[in-house]
Amino acid sequence: MKGKPLYPFGITAVLGIGLIIILSFIGLNIGDDMAGENGENNEAAENFDSPYELGEHVYIGNCAACHGENLDGNPALTDAADRFSQEDIVNIIAEGPGAMPAGLVSGEEAEAVAEYLITETE
């Protein structure tokens, strides 16, 4: 080892880069299997009996961090049914006004969240 002090580090670097490449290809293949139509993951929609249940699940996973689990976050949604129609809520989710990111959910999931909000705040 006297003449080649960097040899172990070189082997480690080559093996590490090879491992990264292999894991990247594995990840690409798994991602294709998990994606639904149009690249969206529609798995959650299949596990619920009603749009309300799906909406609650999606809301808790995507919206509750800001809007609160009890709809009393910032901004609060406790009066959503008084201020918005279900169609308005779907449009708000798609457009993402203010600091809200646009398109966090779409399609059936956005409609389910809208139904959940209307039902919870009526």
Side-chain angles (χ1 to χ4, degrees):
M1 292 272 289
K2 282 184 175 181
K4 299 180 182 180
L6 296 178
Y7 188 70
F9 297 109
I11 291 175
T12 303
V14 169
L15 290 175
I17 291 170
L19 183 62
I20 290 171
I21 292 170
I22 291 169
L23 292 176
S24 296
F25 283 115
I26 291 171
L28 287 173
N29 290 333
I30 290 173
D32 291 341
D33 293 341
M34 292 178 65
E37 293 180 22
N38 300 326
E40 294 178 12
N41 186 353
N42 296 324
E43 181 178 320
E46 298 170 5
N47 296 328
F48 298 96
D49 295 330
S50 71
Y52 175 87
E53 290 175 2
L54 172 61
E56 179 180 29
H57 174 77
V58 173
Y59 175 86
I60 290 170
N62 294 285
C63 312
C66 295
H67 295 291
E69 286 190 32
N70 297 321
L71 309 176
D72 58 356
N74 185 18
L77 299 174
T78 52
D79 62 346
D82 296 333
R83 298 185 320 177
F84 308 109
S85 69
Q86 190 166 340
E87 185 178 321
D88 291 338
I89 294 172
V90 171
N91 289 334
I92 289 169
I93 292 170
E95 295 170 7
M100 180 177 154
L104 284 176
V105 295
S106 60
E108 181 182 354
E109 290 182 348
E111 291 175 20
V113 169
E115 181 173 327
Y116 167 75
L117 289 174
I118 296 293
T119 303
E120 282 295 304
T121 59
E122 285 184 319

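The residues of the chain are indexed from 1 along the displayed sequence.
Glu109 CD to Ile93 CD1: the interatomic distance, rounded to the nearest 0.5 Å, is 10.0 Å. Gln86 CD to Asn91 CG: the interatomic distance, rounded to the nearest 0.5 Å, is 11.5 Å.
The shortest non-hydrogen separation linking Ala94 to Ala102 is O-CB, 3.3 Å. Minimum heavy-atom separation, Pro8 to Thr12: O-OG1, 2.9 Å. Looking at every heavy atom in both residues, Val90 comes nearest to Ala114 through CG2-CB, 3.8 Å. The minimum heavy-atom distance linking Ala112 with Pro51 is given by the pair CB-O, 3.3 Å.
For Leu15, the side-chain contact (heavy atoms from CB on, under 4.5 Å) criterion is met by Ile11, not counting sequence neighbours. In this structure Phe84 satisfies the ring-ring contact (aromatic ring centres under 6.0 Å, His included) test with no other residue, sequence neighbours excluded. Pro101 is linked by a side-chain contact (heavy atoms from CB on, under 4.5 Å) to Leu104, counting only residues two or more places apart in sequence or in another chain. For Leu19, the side-chain contact (heavy atoms from CB on, under 4.5 Å) partners at least two apart in sequence or on another chain are Leu23. Among residues two or more places apart in sequence or in another chain, the salt bridge (charged side-chain N to carboxylate O under 4.0 Å, His left out) test is passed with Asp49 by none. Contacts of Asp88 classified as side chain to side chain donor-acceptor pair (under 3.5 Å), with partners at least two apart in sequence or in another chain: Ser85.
Counting side-chain heavy-atom gaps under 4.5 Å among Ile, Leu, Val, Met, Phe, Trp and Tyr, the cluster of Leu6 also holds Phe9.
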Side-chain polar contacts of residues 65-80 - donor-acceptor pairs under 3.5 angstrom, sequence neighbours left out - could you list them?
from: His67; atom 1: ND1; to: Pro75; atom 2: O; distance (Å): 2.8
from: Asp79; atom 1: OD1; to: Arg83; atom 2: NE; distance (Å): 3.4

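Residues in residues 111-122 take part in these side chain to side chain donor-acceptor pair (under 3.5 Å) pairs, two or more places apart or across chains: Tyr52-Glu120.
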Verdict with supporting geometry, Ser24 and Ile20, side chain to side chain contact (heavy atoms under 4.5 Å, CB included): CA-CA 6 Å; Ser24 296; Ile20 290 171; 4.2 Å; yes
